[in-house]
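Quick note: residue numbers are just sequence positions, from 1. Each ligand, and each atom within it, is numbered from 1 in the order the structure gives.
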Amino acid sequence: METFQDHYQAMMKAIAQYAPYTDLQSVERAVRYADEKHKGQKRKDGSPYIIHPLAVAEIVAEIGLDTDAILAALLHDCIEDTDASFDDIAAQFGQTVAELVEGVTKLTRVEFSTLEEQQVENLRKLFMAMSKDIRVVLIKICDRLHNQRTMEYQTRAKQISKSMETMDIYAPLAHRLGMQKIKWELEDSALQYLDPDGYKELMAYLDAHKEEAEVFMESIQTRISERLSSVGIPCSISGRIKHVYSIYRKMKSQGKTIDELYDLYAFRVIVDSISDCYNVLGHIHEMFNLLPGRFKDYISTPKPNMYQSLHTTVIGDQGIPFEVQIRTKEMHETAEYGVAAHWKYKQGIESGNEKEFEWVRRLLEGQQETDAEDYIHSLKVDMFDDEVFVFTPRGKVISLPAGSTPIDFAYAIHSGVGNTMIGAKVNNRIASYDVQLHNGDIVEILTSKSAKGPSRDWLSICQSNQARSKIKQWFKREKREENIVRGRASFEGELRRMNISPLLLQNEELLPQLLRKLSFESMDDMYAAIGYGGLTAIKAVGKIREDLLKASRSSSAKETGRVLEISQPVRQSRHKDSGVVVEDIDSCMIKFSRCCTPVPGDDIVGFITKGYGVSIHRKDCPNAKAASDPRQAGRWVKVAWLTEDEKPFATTLEATAEDRDGLLFDIAASLTSLRVRTREITGKDLPGGKCQFTITFEVKDVSELSSVMNKIRGISGMLQVKRGQN
Ligand code: MN
């Protein structure tokens, strides 16, 4: 079993060798702190947990990161897995270290394995974007490397999902950051779990040809080194078989067997100066046959990840092709450690030991276009700007359009979450609904079963179509009462415009036929549909217009001829009676609230109640103050007092006629066709097959009254029409 001592010493050795400016006292303290915090925790192989942070710190030291990064590596699982808090770590080791640990913790919570294929590239970018400090990503990569190294103790399912993450996220990131060595190891390790058979086969082949390969590499190395020393170019040469995954990938992508592949072998020639690089290139090309099209000059044109080198592929005497990479020591360090070399450079400066890190400075100065600072910066800012990625408290990534708010987030989780939302926390702090979310924010939605649902304001706050349509959906379902009132008003308005009486809809024989044509179960369903905007009143009326006109002509309404008493729907007339007009709604029930008893002249507002029409409040009523509550906003409507000269007056007519089927219906239809607000029609039988109706209705003026009287006189069988007593 691996022991604390082994790993502790390995880490100290790496620090001494690659990170000599490290503050060892702090390291000691961090080791003790982490050891204490992780006390009793075990890794999957049974070894004490502290071995993991020690190993990660060792890798972090190897790539040359600074003291803060090494401390953060030692503490990187403390916030996630122990009772250590951000504040405690900040107090003990400083704000920077605490922020690094927090950053690593955030990335640890990301469930990359649940992501869809096409999101992967964006998430690599996100990974960068959410790490304010690039050291977070570097530490996280080292963390993953050690996990990958110790993957054999995990379950098969975990091996696969983690290895996929490694292949999709971590290896490409390591590549982008120029950390070639780590990238290779990550890829080879992941491959081992993703295609165990393919991996074994390849390893078996390489093993079987090992001696052969060593002999070959030895001979090439010797030839090159003899040649270069004969011309006085100091250099070091190493040969290697390319890493397993790169061979594997080429076999797959080119459909070749391993024998058919070029560049199984790579030789590295490291020299002192750039001019030597080109000199060596000349010698190589003279010694071996050049494979056309394979020469690349990454010295004059570095790769975006700062990589610099000359590459060429040649064929030796045995007909075996091989690649030669030629670079300076400085370039080599950068190739191995990439962006991490930046910290080596910085540490060197801080310690006043500029000479030793001269090469990095030269590297940085030499790159006018791809300055390292710029490069690191652009890694973080060069993000897709139309999307923002945020997290659930459990680390699930949610992708939203840029500018999204907690409302969008809530509906992206589930419409049930959005509809019961009563508040939001962003990064553990209460946030307002309209705050803009940023990459990496952790968003939590507070819900309550007694929440009143979304407000119409949310429609203008949210950014995503998803949220918008779900909110509309809610209004469609939940605001049924309100929608029915609105819908009915506009439907009946449209009928009147076409001179059709809404009373026809009360004909129970006609109704099923109408509903069939309209494809609704009930009239209320249809009103609701019109109310939320799923159907226009014009369209609805259009569908049944013919039927209504026909019914109107055949006067199919039934009366018993006994006591006839119908009251028109109350909401048809009440609101004018009350002297109040409601914006957008021309037939609804009005009631005056008891809390503030508004009288004409007061500033008033209306509130659409459930089932009681609109209640009128004074604007300064405390209950009306609730109008500013966004959840209720959709239910407040503008209302106004009718001006005096618009106020209609009620009048009564007495109409005597020959009794017949459909008579009452014809009277009602006549009134409606004139847009008269009918309050009441009562009827009674008279001797001799006659009947008399008392009609109470509203008119603006006398001319309107006389046109009503004329219309009723025109009804067939009508004997007499005169003004009533009241
Ligand atoms: Mn870890």
Side-chain angles (χ1 to χ4, degrees), residues 1-4 6-8 10-11 14-15 27 30-63 65 68-86 88-89 93 97-113 127 130-131 133-155 158-159 161-171 173-174 177 179 182 185-186 189-190 193 340 391 394-395 440:
M1 193 161 64
E2 302 178 60
T3 66
F4 175 91
D6 297 341
H7 282 275
Y8 176 77
M11 176 191 72
I15 290 174
V27 170
V31 169
R32 276 199 303 275
Y33 184 91
D35 191 28
E36 180 63 34
K37 288 291 177 189
H38 288 294
K39 188 133 275 168
Q41 297 176 354
K42 294 253 186 289
R43 301 211 82 213
K44 280 273 154 55
D45 67 348
S47 56
Y49 194 88
I50 185 67
I51 282 178
H52 169 63
L54 284 171
V56 175
E58 179 188 336
I59 304 169
V60 167
E62 258 171 32
I63 63 173
L65 289 189
D68 282 346
I70 292 170
L71 298 183
L74 286 166
L75 305 168
H76 81 269
D77 279 328
C78 281
I79 290 184
E80 183 69 3
D81 294 338
T82 79
D83 63 2
S85 67
F86 177 94
D88 192 30
I89 292 177
F93 302 99
V97 173
E99 276 169 11
L100 290 173
V101 173
E102 192 186 43
V104 174
T105 305
K106 250 187 186 177
L107 292 184
T108 302
R109 288 179 183 154
V110 178
E111 288 172 18
F112 285 106
S113 50
F127 210 97
M130 55 184 287
S131 315
D133 188 320
I134 204 152
R135 284 174 292 183
V136 168
V137 179
L138 297 174
I139 295 166
K140 190 64 200 163
I141 290 172
C142 296
D143 176 40
R144 175 48 59 101
L145 180 59
H146 185 245
N147 286 335
Q148 203 67 55
R149 282 176 183 171
T150 53
M151 195 66 87
E152 59 185 298
Y153 303 105
Q154 298 288 351
T155 62
K158 194 109 180 186
Q159 287 173 348
S161 72
K162 289 285 163 191
S163 294
M164 278 170 70
E165 267 184 19
T166 298
M167 210 55 117
D168 287 342
I169 308 284
Y170 291 92
L173 271 175
L177 297 172
M179 307 158 84
I182 286 179
E185 191 181 341
L186 286 172
S189 171
Y193 296 105
F391 298 95
R394 288 166 64 194

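- Here the side chains of D68 and R135 are in contact, with some heavy-atom distance below 4.5 Å.
- Among the heteroatoms counted here (N, O or S) of D77, OD2 is the one nearest to the Mn ion (ligand 1).
- Atom CE of M151 has more than 12 heavy atoms from other residues, nucleotides or ligands within 6.0 Å.
- Summary: OD1 is the N/O/S atom of D143 found nearest to the Mn ion (ligand 1).
- Taking the side chain as every heavy atom from C-beta outward, H52 and D143 approach each other to under 4.5 Å.
- Between the side chain of T150 and the backbone N or O of H146, at least one donor-acceptor pair lies under 3.5 Å.
- Taking 2.8 Å as the criterion, H76 counts as a coordinating residue of the Mn ion (ligand 1), since one of its N, O or S atoms falls below it.
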